[in-house]
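First up is the structure itself, then whatever we jot down about it.
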Amino acid sequence: MAARHSVYLGYVSASIRGQLQHRAATVALGLGQFLGTGLEFVGAVVLLSRFGSIGGWGVSEVAVLYGIVHVGFALAELFARGFDNFERTIRAGEFDRVLLRPRAAALQVIAGEVQLSRLGRTVQGLVVLAYGAHAHAHAWTPGSWVLLVLAVLAGACTFAGTFVLQAMVCFWTVSGLELANTVTYGAVQSNQYPLSIYPRWMQRLFTYVVPVAATSYWPALGLLGRADATPWLPWCLPLLGPIYLVIALWLWSRVGVRHYQSTGS
Amino acid sequence: MNAMLAMFVARASVLLQYRAAALAGLVTQVFWGLLFLAVYASVYQGASSVPLPLHDVVTYVWLMQAMFRMLPWGHDPDLAVMIRRGDFVAELLRPVDLQLLWYARAVALCTVPALLRAGPLIVLALAFFGMHGPASAAALGWFLASLAGAVLLSAAIVLNVTIALLYTNGQRGVDVVMNSLMVALSGAMVPLSLMPTGVAEIVRALPFAGLLDGPAMLYLGHGEPLAVLVKQALWIGVALLAARWLLARAVARVVVQGG
């Protein structure tokens, strides 16, 4: 276990040092992402400033939800990006090299890249979250803050899980996966608004199949005092996030890697 | 002129092969459209005075999704590889005006992928998803005219972004911000009519508004047809002139590191 940790840390530090070599490019990229993702929130603000509320939620409440979803997603992009680029790894035939090494394949793929530029989206999400929290924190207990952190981390697990599953499909179809991107970015964009506005099938999709809502909407309900009838749900549902990630990793290694046929290197 | 047409046809034939991607893209656009619809339906509940009625917004959303691929989503990928590897020299040896040739490529890039997705999407949207037909025959005519203008404008922007590759090494930072800006300013994120009044005026003067919002509003029977078309023409002119100047300058001082 200790050896695995040091290998992971070794990968991470190598990746970070590599990116710091091109400091200007990394900073520019991060800044670009900060502004780019910030514009998404501006869009939400424009809508809400004209219409007042969405599904009964005001700007500051949407900000809390938005913050939870986007920080979670940004953290997943920051650390689990190796899976997101897995398609390229397979197509270049580099996965054979990964399999030959005496370390877990998943560890290598996931640790391959820690993209510092993703901090742009992370910071932007945190800014929005801070704005939302500022409006509501007066009603929060220490337990609320714990719930908030748990929700963000669970959200990161969920998105990391979708990256893993996306990568797994690459074992079968070695081509662009626009559909998988739909699920990921669609999940982010849709869950930044309260789940209640969407049709039933979409609600179920994002609670049980890709549990983004379970790790964002439900904790947000708890944080905003909207779940008083079922106070335990906002705490239980985020657990679906890490469970989802574990299932995804299991599927990836047992089903995906088993079926792997190299395309040559 | 013949060379431009030939290049366009060649690129179009290549791009037409990406049918599986188009199908996946279709599903994507339908999903996003339904998402937007849910958001607007929710927001419009209990809204009193709105600049655009909900059924118009629904049609607007589907038009956005259909035309989404037509937006200038960054540089021409093949040319980017060519420039990075130094094969760019081969482009310089052609006996045809380079800018016009690259423009023809860009036009194909902005037309074909969008067409492959837009056709089925509009049929589906008209049949099942609440989109309604154009406000009048005249509206349809103006819409098609401004659509052509939008394609030309989008291609001109792609041309500029591609030429910019000759000046910089890594370009992803610019792309990300520009893409988000473009999505916001063209009306793909929020219909420009729903933006605060002062902001909407400014945004409509920018080139990006002519890409999506202009044609869509004409389809709905709102907006001034001549104003939209003239603005598109003006920005196309500006973009092409800028591209010509940038390309000439780049070619004069380009350093090819092997090829």
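Letters A, B, ... are given to chains in the order of the sequence lines, protein chains preceding strands, and every chain is numbered from 1.
Contact annotation for B/Tyr40: only side-chain heavy atoms (C-beta onward) come within less than 4.5 Å of a heavy atom of chain A. With a 4.5 angstrom heavy-atom cutoff, A/Phe34 does not touch chain B via any of its atoms.
Listed in order of number, the residues of residues 46-58 of chain A that approach chain B to under 4.5 Å between heavy atoms are A/Val46, A/Leu47, A/Arg50, A/Phe51, A/Ser53, A/Ile54, A/Gly55. Interface residues of residues 194-203 of chain A toward chain B, defined by a heavy-atom distance below 4.5 Å and sorted by number: A/Ile197, A/Tyr198, A/Pro199, A/Trp201, A/Met202.
Considering OG of A/Ser190 and CZ of B/Phe31, their distance stands at 5.5 Å, rounded to 0.5 Å.
For B/His55, the ring-ring contact (aromatic ring centres under 6.0 Å, His included) partners at least two apart in sequence or on another chain are B/His132.
By the neighbour-count criterion of 12 heavy atoms within 6.0 Å, atom OH of A/Tyr185 is densely surrounded, having more than that number from other residues, nucleotides or ligands.
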Pair up each side-chain donor or acceptor in residues 182-190 of chain B with any protein partner under 3.5 Å, not counting sequence neighbours, and list the distances.
from, atom 1, to, atom 2, distance (Å)
B/Ser186, OG, B/Met182, O, 2.8
B/Ser186, OG, B/Val183, O, 3.4

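Across B/Pro191, B/Pro51, B/Pro196, the residue that shares the most heavy-atom pairs under 4.5 angstrom with chain A is B/Pro51.
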